[in-house]
Chemist: 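Before I ask anything, let me first share the structure, which is written out below as structure tokens.
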Amino acid sequence: MSGPQCCSNPPTLNPSGGAGHVDKVGGVDSYLTGSPHSKLAVLMVSDIFGYEAPNLRKLADKVAAAGYYVVVPDLLVGEPFNPQNSNRPLPAWLKDHGPENGAEAAKPIIEALKSKGVSAIAAVGFCWGAKVVVRLAKSRLIQTAVLLHPSFVSLDDIKGVDIPIAILGAEMDQISPPELVKQFEQVLAAKSGVASFVKIFPKVSHGWTVRYNTEDAEAVKVAEEAHRDMLGWLAKHHK
């Protein structure tokens, strides 16, 4: 379920990056961007490298520019995965940072947003974060979901989702291969009354939407295509 692709192209973390700022929401340190007066919030759940990743924060700012209040929480409680730390290989790290822990930590954030007058919450999850978002979707704690190159997400997970959901997958993904993503699509298509959108991007690998090389024009182009699809989905189903 997790392997080398989960850990490839790690970002150089920047705690002060982005146009927003860091503050606590529901007791959790979070990168906040966009108008706090917006009635529509977007919870963006990171991959294993956490909420200080520059490309993730840049994307959060882009989502905020579309009119949403965006919260990127530190659901990894200050310990993003560090591939250089041989004492904490991924399986050991995951024991302390399972997606189920992330979903529990997100619940008070959702409550805090509701208490400040937010009327609807969408959640967008990348890799590890996609499993967190699926758990929130199955519990109906959010109104709309977007999964980008999901990790750990099973067919049973998708069967349990009955809110609008978009899934963006990669052709070269060993974690959620196209065959699995196509099965997700079939399950969702059979659900009458549940809006869904599934797309497999050719010639890209797991993590392409946030762990791309900013110097590589082609990588930027295909990442931005996914970002447009995500924003288009939100525009249609998160209002």
Side-chain angles (χ1 to χ4, degrees), residues 1-3 5-6 40-47 59 63 66 68 75 94 98-104 106-107 110 114 119-210 222-239:
M1 295 293 269
S2 62
Q5 283 194 329
C6 235
L40 300 174
V42 177
L43 193 63
M44 291 180 65
V45 186
S46 76
D47 60 16
L59 180 54
V63 174
Y68 304 108
L75 298 181
L94 280 168
E100 64 280 3
N101 300 358
E104 281 304 310
K107 288 177 182 176
I110 290 168
K114 285 180 180 171
S119 59
I121 300 169
V124 177
F126 305 84
C127 311
W128 176 94
K131 179 72 169 187
V132 174
V133 169
V134 162
R135 292 182 79 98
L136 299 175
K138 286 160 67 177
S139 306
R140 295 194 72 107
L141 293 170
I142 55 174
Q143 284 66 56
T144 313
V146 184
L147 314 182
L148 299 98
H149 34 87
S151 297
F152 314 114
V153 174
S154 69
L155 210 48
D156 280 344
D157 283 328
I158 299 301
K159 286 175 182 172
V161 174
D162 61 359
I163 63 167
I165 181 168
I167 304 173
L168 306 183
E171 181 185 22
M172 298 179 291
D173 193 331
Q174 295 147 10
I175 298 158
S176 290
E179 301 74 32
L180 179 60
V181 176
K182 283 173 184 163
Q183 288 180 296
F184 293 166
E185 184 174 30
Q186 288 163 359
V187 165
L188 291 167
K191 289 174 178 273
S192 62
V194 177
S196 62
F197 173 74
V198 178
K199 180 172 172 179
I200 295 167
F201 284 69
K203 302 179 187 170
V204 293
S205 302
H206 183 83
W208 94 95
T209 68
V210 281
V222 72
E224 288 181 344
E225 181 185 344
H227 302 164
R228 282 194 301 275
D229 287 343
M230 177 194 72
L231 283 164
W233 180 259
L234 292 175
K236 199 180 288 184
H237 296 283
H238 188 40
K239 46 193 177 180

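Just so you know, these numbers come straight off a predicted model, no measurement behind them.
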Chemist: Should K182 and I200 count as side-chain neighbours, where that means a heavy-atom distance under 4.5 Å?
Modeler: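 Heavy-atom side-chain distance check passes, below 4.5 Å.
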Chemist: Nearest heavy-atom pair of L180 and V153: which atoms, and what distance?
Modeler: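 Smallest heavy-atom distance, with atoms named: CD2-O, 3.9 Å.
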Chemist: Do I158 and I167 have side chains that get closer than 4.5 Å, going by heavy atoms?
Modeler: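 Side-chain contact under 4.5 Å: yes.
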Chemist: Under 3.5 Å, side chain of S176 to main-chain N/O of P150, donor-acceptor pair present?
Modeler: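 Yes: the side chain of S176 pairs with the backbone of P150.
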Chemist: Minimum heavy-atom separation for L168 to A226, with atom names?
Modeler: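 Looking at all heavy atoms of both residues, the closest pair is CD1-O, 3.6 Å.
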Chemist: Does some side-chain heavy atom of L234 sit less than 4.5 Å from a side-chain heavy atom of V63?
Modeler: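 They are in side-chain contact.
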Chemist: Any heavy-atom pair between the side chains of L43 and V132 that's under 4.5 Å?
Modeler: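 Heavy-atom side-chain distance check fails, nothing below 4.5 Å.
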Chemist: Using side-chain heavy atoms (C-beta onward) and a distance below 4.5 Å, is W128 in contact with L94?
Modeler: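 Yes, at least one pair of side-chain atoms sits under 4.5 Å.
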Chemist: State, to 0.1 Å, how close L231 and A66 come at their nearest heavy-atom pair, and which atoms those are.
Modeler: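 Answer, listing the atom of L231 first, then A66: CD2-CB, 4.1 Å.
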Chemist: Quick one: are L59 and M230 in side-chain contact, heavy atoms under 4.5 Å?
Modeler: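 With C-beta onward as the side chain, the pair touches.
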Chemist: Where the side chain of H227 meets the backbone of T209, is there a donor-acceptor pair that is under 3.5 Å apart?
Modeler: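 Checking the backbone N and O of T209 against the side chain of H227, a donor-acceptor pair under 3.5 Å is found.
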Chemist: Rounded to the nearest 0.5 Å, what's the gap from OH on Y68 to CG on L40? Could you check?
Modeler: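 So the OH of Y68 and the CG of L40 are separated by 6.5 Å.
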Chemist: Sort and list the pairs that fulfil salt bridge (Lys or Arg N to Asp or Glu O under 4.0 Å) and have at least one residue in residues 144-154, not counting sequence neighbours.
Modeler: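 Residue pairs with at least one partner in residues 144-154: there are none.
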Chemist: Is the backbone of A41 close enough, under 3.5 Å, to the side chain of H238 for a donor and an acceptor to pair up by distance?
Modeler: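 Yes, the answer is positive, given that a donor and an acceptor are paired below the 3.5 Å cut-off.
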Chemist: Can you give me every donor-acceptor pair (side chain of residues 136-143, partner residue at least two apart or in another chain, under 3.5 Å) with its distance?
Modeler:
| residue | atom | partner | partner atom | Å |
| --- | --- | --- | --- | --- |
| K138 | NZ | D157 | OD1 | 2.9 |
| S139 | OG | R135 | O | 3.1 |
| R140 | NH1 | D162 | OD1 | 2.8 |
| R140 | NH1 | D162 | OD2 | 3.0 |
| Q143 | OE1 | I121 | N | 2.7 |

Chemist: Distance from S151 atom OG to Q174 atom CD, nearest 0.5 Å?
Modeler: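 Reported to 0.5 Å precision, the distance equals 11.5 Å.
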Chemist: Are I163 and T144 close enough that some pair of their side-chain heavy atoms sits under 4.5 Å apart?
Modeler: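 When only atoms from C-beta onward are counted, T144 and I163 do not touch, as no gap falls below 4.5 Å.
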Chemist: If you define the side chain from C-beta out and look only at heavy atoms, does anything of L75 sit under 4.5 Å from S46?
Modeler: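 Not touching, per the 4.5 Å side-chain cut-off.
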Chemist: List the steps, then state whether ring-ring contact (aromatic ring centres under 6.0 Å, His included) holds for W208 with F201.
Modeler: CA-CA 10 Å; W208 94 95; F201 284 69; 4.8 Å; yes
Chemist: I'd like a table of donor-acceptor pairs (distance under 3.5 Å, sequence neighbours excluded) in which one partner is a side-chain atom from residues 185-199, with atom names and distances.
Modeler:
| residue | atom | partner | partner atom | Å |
| --- | --- | --- | --- | --- |
| K191 | NZ | K159 | O | 2.6 |
| K191 | NZ | V161 | O | 2.9 |
| K199 | NZ | E225 | OE2 | 2.8 |
| K199 | NZ | D229 | OD2 | 2.7 |

Chemist: Kindly say whether D173 contributes a backbone atom to a donor-acceptor pair with the side chain of S205 at under 3.5 angstrom?
Modeler: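 Between the backbone of D173 and the side chain of S205 there is no qualifying donor-acceptor contact (under 3.5 Å).
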